[in-house]
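Here's the structure we're looking at; comments come further down.
Sequence lines set the chain letters: A, B, ... in the order given, protein chains first and strands last, and positions in each chain run from 1.
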Amino acid sequence: MASLQPVRGTHDLLPEAMRAHRRVIETAREVAERYGFDEMATPIFEFTDVFRRTLGDTSDIVTKEMYTFTDKGGDELTLRPENTAGVARCFISEGLAQDVPLKVFCGGPMFRHERPQKGRLRQFHQIDIEIIGVPGPQADVEVIAAGAAILKALGIGDLTALQLNTLGDAESRGKFRDVLVAYFNDHLNDLSEDSRDRLERNPLRILDSKDEGDRKIVAGAPDYADHLNQESADFFAGVTGGLDALDIAYTLDPKLVRGLDYYTHTAFEFTTTELGAQDAVMAGGRYDGLIGTMGGPETPGVGWAAGVERLVMLCGDPPPARRPVALIPIGEAAEAVALELSEALRAAGNRIDLGYGGNLNRRMKRANKIAAAAAVLIGEDELQRDVATVRDMETGEQEEVALAALEDHLARYR
RNA sequence: GUGGUAGUAGCUCAGUUGGUUAGAGCACCAGAUUGUGGAUCUGGGGGUCGGGGGUUCAAUUCCCCUCUACCACCCCA
């Protein structure tokens with residue numbers, strides 16, 4: 001292996017992989033647009049505080065996964081580990097409160113210093129959508145429906161399943177947290193080491209523990225449904241009612257918890273069994289407190305993010321590249337003609353591969369290798385009669401076409 | 001971050017119980033075919049056996065460290 005390696009957890013996107021990648025993003029963007037989401041983008045890095053203050057001081061992302069650095073001007077900056085905080089910052093600094101409800105679609109690279117695995121990279125790509133400024137559950141339903149529609153459009157609706165839960169509003173969440181902490185404190189000695197740590201940082205996470213001993217304790221833990229206040233219960237009923245009306249199937253999962261602090265009410269994940277431990281393919285929820293805690297006007301929000309690499313792995317082979325037409329001049333005079341001709345044909349919308357050197361045999365081989373739909377041969381005799389020999393690479397049939405008619409003739413290969 | 005499995009040609013792999021020039025298939029290049037691709041045949045290039053150190057007369061093979069990928073945990077998209 002060469003000593004020159006890509007940085008751990010980063011990938012090159014070679015043309016074939018890039019096509020698969022773009023298909024996912026473009027399909028998602030096109031579907032999201034039908035749901036009324038406009039694409040926008042925020043910078044790839046922000047002041048570190050944007051993430052530190054919003055994701056929660058105890059989250060793994062903030063405590064050990066951020067790519068943080070001091071730039072030459074002395075500013076503390078961080079490569080974004082997720083997109084929502086940046087959108088919220090943009091909402092505040094661009095004064096978008098008057099554009100509410102705001103519906104946006106974003107896509108781009110994210111960075112987390114995690115230990116890489118399949119489906120888990122240090123530079124990875126997400127697409128996400130957000131609705132900001134709608135307090136009611138209709139927005140949650142619309143966001144989930146758009147996500148389901150995207151998965152369906154990608155042909156992987158059957159490979160994913162929607163898990164749904166509610167975290168309640170701030171009041172419910174706080175109360176339930178207290179109840180949970182009290183319960184788990186009674187079983188402190190039987191909890192796993194990880195979960196004792198979680199008890200300090202994010203007690204709700206214990207509900208999701210994979211440790212067998214923990215699971216026994218969790219089985220007897222208080223049920224969140226009993227601790228939701230009326231408003232939270234009504235809100236959740238609005239979400240499930242909307243999904244039912246749209247025939248969007250879901251599984252209620254009381255153990256589904258979000259890792260990031262800013263979530264309230266609805267939490268959901270589209271999961272798959274195809275990717276091992278990295279089973280979440282699209283995940284999100286409501287974040288009513290986020291913009292307020294960042295210092296903006298109290299504004300509700302809901303959205304999700306999906307991992308492009310994970311979606312790509314579910315999607316299978318990418319679409320083939322557009323087949324070019326190989327333009328093959330033979331002889332110096334023909335070279336000069338072909339150079340100008342290639343420009344004209346490209347301007348007309350053709351994908352033209354103008355070969356570089358080599359004899360005819362060699363160039364035909366190249367035409368075959370690049371999967372050319374047709375080869376256009378221009379030699380001395382063709383040149384004298386102002387024609388080209390057009391060979392259909394699929395059938396092997398050839399015909400002479402006047403140079404003036406070439407553009408029309410090649411239209412079939414576009 | 002913790003534990004585990006693995007790294008031999010561009011790719012998929014074989015092999016070496018430590019011993020001369022490390023192999024195959026596919027891919028690539030050239031020729032057979034100096035104006036015609038795919039098939040076939042012939043020939044060719046390409047490897048510091050992931051990297052570093054140690055043991056040894058001798059290491060791709062044994063030992064240690066390290067890097068990377070993968071699996072589980074953790075976390076999450």
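Residue A:Glu380 is the one, among A:Glu380 and A:Arg8, whose nearest nucleotide of RNA chain B lies closer to the 5' end (criterion: closest heavy atom). Nucleotides of RNA chain B nearest to A:Thr10 and A:Phe270 differ in position, and the one nearer the 5' end is that of A:Thr10.
In this structure, A:Asn361 reaches the B:G37 phosphate: one of its side-chain N or O atoms is under 4.0 Å from OP1 or OP2. Between A:Arg115 and B:G1, a side-chain N or O to OP1/OP2 separation shorter than 4.0 Å is absent.
Counting atom types as modelled, A:Arg391 pairs a side-chain N or O with a base atom of B:G37 as donor and acceptor under 3.5 Å. A donor and an acceptor atom never sit less than 3.5 Å apart when one is taken from the side chain of A:Arg198 and the other from the base of B:C75.
Side-chain atoms of A:Glu82 come within 3.5 Å of backbone N or O of A:Ala85 as a donor-acceptor pair.
A:Gly276 comes within 4.0 angstrom of the backbone, heavy atoms only, and of no base. The residue A:Glu382 sits close to a base: some heavy atom pair falls under 4.0 Å.
Taking every side-chain heavy atom of A:Leu377 into account, B:U36 is the closest of B:A72, B:U36, B:U68.
Every stem involving RNA chain B, taken as at least 3 paired positions in a row under the Watson-Crick or G-U wobble test at 3.5 Å, is listed here: B:1-7 with B:67-73, B:10-13 with B:23-26, B:28-32 with B:40-44, B:50-54 with B:62-66.
The CD atom of A:Gln278 sits 11 Å away from the P atom of B:C74 (whole-angstrom rounding).
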